[in-house]
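Because the structure is predicted, anything quoted here is derived from the model rather than measured. Letters A, B, ... mirror the listed sequences (proteins, then strands); counts begin at 1.
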Amino acid sequence: NAGVTQTPKFQVLKTGQSMTLQCAQDMNHNSMYWYRQDPGMGLRLIYYSASEGTTDKGEVPNGYNVSRLNKREFSLRLESAAPSQTSVYFCASSWGLAGGNTGELFFGEGSRLTVL
Amino acid sequence: AQSVTQLGSHVSVSEGALVLLRCNYSSSVPPYLFWYVQYPNQGLQLLLKYTTGATLVKGINGFEAEFKKSETSFHLTKPSAHMSDAAEYFCAVSGPNRKLIWGLGTSLAVNP
């Protein structure tokens, strides 16, 4: 059972470089999310996709773009990385928005990004 | 609007002692409430949830939480801490707009 798979797990970038974080889920979930986690700030939602074909901004979307490639895959792109984007990024998925009736989100193991 | 406050960013207990992690919420409608756990270098996983019905809910690894509407609280407890319980714990609330609002997390340390 793979669940939610994120790649890469670690990445070091220089300021101004671009990169894409990949996320795939094999649970046939409708909704997918990208969060960032920073010390003392908890989880902050960057973007989410309620269903295939839709994406919406979360709390902190600036500097990021997303693509819901198909039902399984949801990628996060940093077009011009900045040191403030140094963080741990988590992808999550769920049956319905905010977990639907079960309320459960399933998380990947995280991608640790450092921007120098 | 919903909000979540976790009291205490760091909690330290001795092995075998009671674990109590506090969570208070605000919500204009009956909330769905959740506790998630994050072990070191891992993603979050659901520990337990309250949606409707019984106000005392049991989760994995011996944890439980009680929904107290009058106190707007959903505190997480475990009678006897184990070393393996050391982790970050997040409380979250889901409201009518179907968005999850997260607390800032409480880091639990368990001392031998």
Side-chain angles (χ1 to χ4, degrees), chain A residues 1-7 9-10 21 23-25 27 29-51 54 56-61 87-112, chain B residues 1-11 21-25 27 29-53 57 59-60 65 67 74 87-108:
Chain A
N1 266 352
V4 178
T5 303
Q6 294 181 230
T7 56
K9 287 186 167 43
F10 300 93
L21 299 177
C23 175
Q25 52 90 9
M27 295 171 283
H29 285 167
N30 292 313
S31 301
M32 298 185 73
Y33 316 81
W34 277 105
Y35 286 94
R36 61 178 289 174
Q37 184 178 31
D38 303 287
M41 304 191 75
L43 286 170
R44 292 183 292 170
L45 183 64
I46 305 171
Y47 270 93
Y48 66 99
S49 171
S51 60
T54 69
D56 284 288
K57 294 178 180 179
E59 304 169 63
V60 290
S87 187
V88 181
Y89 292 85
F90 287 98
C91 178
S93 69
S94 64
W95 290 110
L97 193 61
N101 290 334
T102 69
E104 184 167 7
L105 267 60
F106 293 80
F107 285 81
E109 293 190 344
S111 298
R112 286 152 182 80
Chain B
Q2 289 77 40
S3 66
V4 176
T5 302
Q6 290 185 239
L7 298 176
S9 58
H10 298 278
V11 171
L21 304 182
R22 300 177 187 273
C23 174
N24 287 90
Y25 69 92
S27 178
V29 297
Y32 287 5
L33 294 158
F34 312 92
W35 277 100
Y36 280 78
V37 60
Q38 182 182 28
Y39 298 105
N41 299 313
Q42 294 187 26
L44 283 72
Q45 64 182 91
L46 184 67
L47 197 56
L48 50 76
K49 64 183 178 186
Y50 168 79
T51 53
T52 58
V57 293
I60 60 173
F67 169 56
F74 191 57
E88 187 91 16
Y89 292 82
F90 292 91
C91 183
V93 61
S94 174
N97 60 1
R98 296 194 296 166
K99 288 185 179 179
L100 273 176
I101 307 300
W102 297 87
L104 295 183
T106 298
S107 178
L108 174 67

Working to the nearest 0.5 Å, report the span between SG of A:C91 and CD of A:E109. 12.5 Å
Turns out that what part of A:Y35 lies under 4.5 Å from chain B's heavy atoms comes down to side chain
Modelled atom types, side-chain donor and acceptor of B:S107 and B:Y89, under 3.5 Å: no
Counting only non-hydrogen atoms closer than 4.5 Å, does B:Q6 touch chain A with its backbone (N, CA, C, O), its side chain (CB onward), both, or neither? neither
Part of A:R44 lying under 4.5 Å from any heavy atom of chain B: neither
Go through the side-chain N and O atoms of A:D38 and A:S87 and say whether any donor and acceptor fall under 3.5 Å apart. yes
For A:Q37 and B:Q38, does a side-chain donor sit closer than 3.5 Å to a side-chain acceptor? yes
